[in-house]
Visitor: 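Sending over a structure as structure tokens; questions will come in a sec.
Values below: all heavy atoms of this structure, side chains included; hydrogens, waters and symmetry mates excluded. Residue numbers begin at 1 in each chain, while the letters A, B, ... track the order of the sequences. These numbers were taken from a predicted model, which means no experiment stands behind them.
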Amino acid sequence: MSAPVYAPEAAVAPALSTRLARRLHRGRVLPIITVLAVLLAVWCAGTVYMNAPRSIEMLERQGPDWTFQQLLDATWSMDRPVVPTPVQVFTDIWQNTVEREISSRRSLIFHSWVTLSSTMLGFAMGTVLGIVIAVAMVYVRTLDRSLMPWVIASQTVPILAIAPMIVVVLGNIGLTGVVPKAIISSYLSFFPVAIGMVKGLRSPDPLQLDLLSTYSATRSQTFWKLRWPASMPFLFPSLKIGVALALVGAIVGELPTGAQAGLGARLLTGSYYGQMVQLWSALVMSAVLALLCVFAVTAAEKMVVAAHGGRR
Amino acid sequence: MVASVEDVIQPHSLDPADVPHPLVAMENLALVFGTGEGAVTALTNVNLSIKRHDFVSLIGPSGCGKTTLLRVVADLVKPTSGTIMVDGGTPEQARLDRSYGYVFQAPALYPWRNVRRNVELPLEIMGLPKTERQERSTRALETVGLAGFEGKFPWQLSGGMQQRVSIARAMGFEPELLLMDEPFGALDEITRDNLNLHLHELWKRTQLTVIFVTHSIPEAVFLSTHIVVMSPRPGRIVDVIECDLPYDRKLDMRETPDYLRIAHKVRDGLRAGHSYE
Ligand SMILES: Nc1ncnc2c1ncn2[C@@H]1O[C@H](COP(=O)(O)OP(=O)(O)OP(=O)(O)O)[C@@H](O)[C@H]1O
Ligand SMILES: [Mg+2]
């Protein structure tokens, strides 16, 4: 048994810093910073480990007596590293966002926008498709049994196998650019929406449904006044998964297009030409993009929850 | 609870004398849930006739089929055999005509709607204009003592308050037949007395017909024109007790000999039903 920890510093600290500390403590800032710090440390250590063989080779060529400090410096400042350091990656991102014209082909903002636009279009299409499938399954008895196996089967096919097919087939009928990528996105993102909405539309309890029958409400009234609002707590978690999948779909969809624009293209050319810094920058940018997308869905969720009484 | 009761439900122009048929009539009604081994006979051999402007209480031990009987009248469940007529037609027709309001045993509020919008739900479905919806919901909420709570959401209310919202919801609907399943079960004695009085006044000044499920003998005797005593396994009617107290009733009437005599009769009926097991 350990004694309870007593922290006198906290008790006598000046007002400002206690307030700051309390806010850090109460909020989720501290855990996030901790996780981030650990990740960066692991990343830096990984950089040393992965880049060490080539750095040692280089140092050996200059002379036999090199220090560990020299090795560290060498692994962290390679021109074409196996794994770039955080500093290299963030410098590259800074140069290609803030310091670069948006119209430039090397601007990460430009590439992010290309990916984001097909993500959003595909997400919208997938959401509508998922909701339509869910409504059909809830309202049409025969579809309830027959549709679900196909919905599940659709997700067992690897998207990497389907993506080129979709791109080539649509390319042959003259559809290029954002639409094929959006279709791949919607192919991934409709699934969680459909699953969540089937459950959500079925969530009203029998008494809530009986109530509407005593008013002899129509089917569409039952849908809009009961099933739809009842499904909102199920819709938003699905949308968060859906938007992340839509982003994955957009990036995968950019791989077979000849890699002209988009974060997927940057990933592909980066790995093709061994430009690890470029590859990692694209990777970090897509993570940032995913965070922004999920954040936007969360914001929409908060608004709906507030309109629905502030508690789920 | 200040609103006068006439405000809540306008008297129907229909004169009960013009309508000879009973409002609700059941003959040899039976209802069995499930089949085979697990079958439960919820109702058997139910014969009951309810005239317009009757106030009929159903009383009986838990599980004797009171809720089931109300649900049959409301066309929420179909009887296995026997006939039932509501308002001269089938229960389904009565439901489609929106001729009854139903207060469920649980409040069944929609958690994403605030109190006012819960009360206005049936009015929205009927397609009433906004101003009328607001007038009606305001009056109904005043009657149940919830004026000022219009903007609250169900989770911000106590269980008894939620039940009162559901009563207001059925009152604002202004039906000619009111089905109430233990509406005051979750309330304290004083609030219950108050609402009993309000319900009695409401019934007295309109052509309202009420079927009222309760476990409380005093409540049943105070409100009813007829008390139907039921017993379980299988659920059936053991007695229908006429409750011939004066038309105009006050709460202090509960000490009069007539009142006590009827209450005694109901208690005896319930005992008899129990000893049958
Ligand atoms: N949907 C159902 N399926 C199967 N059995 C049911 C169903 N509903 C009710 N029952 C059975 O029917 C019988 C009567 O139930 P009911 O709900 O009508 O009782 P009640 O008189 O309202 O009781 P309480 O006073 O506890 O509310 C019970 O034995 C119950 O188990
Ligand atoms: Mg019951």
Visitor: Tell me, for B/L76 versus chain A, whether the close heavy atoms (under 4.5 Å) come from the side chain, the backbone, both or neither.
Guide: side chain

Visitor: Strictly less than 4.5 Å between heavy atoms, which residues of residues 185-203 of chain A line up against chain B? Please order them by number.
Guide: none

Visitor: For chain B, which residues from residues 133-143 of chain A have at least one heavy atom closer than 4.5 Å to it?
Guide: none

Visitor: Quick one: of A/T218, A/L212, A/D205, who has the most non-hydrogen atom pairs under 4.5 Å with chain B?
Guide: A/L212

Visitor: Check whether B/R71 gets within reach of chain A through its side chain, its backbone, both or neither, counting any heavy atom under 4.5 Å.
Guide: side chain

Visitor: Looking only at heavy atoms, which of residues 286-300 of chain A get nearer than 4.5 Å to chain B?
Guide: none

Visitor: More than 12 non-hydrogen atoms from neighbouring residues, nucleotides or ligands closer than 6.0 Å to CZ on A/F223, yes or no?
Guide: yes

Visitor: Below 4.5 Å, heavy atoms only, C-beta onward: do A/K225 and B/R113 meet side chain to side chain?
Guide: yes

Visitor: Which atoms of B/A106 come close to chain A, meaning under 4.5 Å heavy atom to heavy atom: side chain ones, backbone ones, both, or neither?
Guide: both

Visitor: Which atoms of B/L179 come close to chain A, meaning under 4.5 Å heavy atom to heavy atom: side chain ones, backbone ones, both, or neither?
Guide: neither

Visitor: Supply the atom-to-atom distance B/Y100 OH to A/T214 OG1, rounded to the nearest 0.5 angstrom.
Guide: 5.0 Å

Visitor: Quick one, B/W112 and A/V304 - any side-chain contact, counting heavy atoms below 4.5 Å?
Guide: no

Visitor: With A/Y215, which residues qualify under ring pair (Phe, Tyr, Trp, His ring centres under 6.0 Å), at least two apart?
Guide: B/F173

Visitor: At a 4.5 Å cut-off on heavy atoms, which part of A/Q221 comes close to chain B: side chain, backbone, both, or neither?
Guide: side chain

Visitor: If every non-hydrogen atom of A/Q208 is compared with every non-hydrogen atom of B/P111, which pair is closest and at what distance?
Guide: NE2-CD, 3.7 Å

Visitor: Could you go step by step and tell me if B/Y102 and A/D210 meet the side chain to side chain contact (heavy atoms under 4.5 Å, CB included) rule?
Guide: CA-CA 10 Å; B/Y102 197 137; A/D210 282 348; over 6 Å; no

Visitor: Considering non-hydrogen atoms only, spot the tightest contact between A/S216 and B/L96 and give its length.
Guide: OG-O, 3.4 Å

Visitor: By a 4.5 Å heavy-atom criterion (distance strictly below it), what part of A/A307 contacts chain B: side chain, backbone, both, or neither?
Guide: backbone

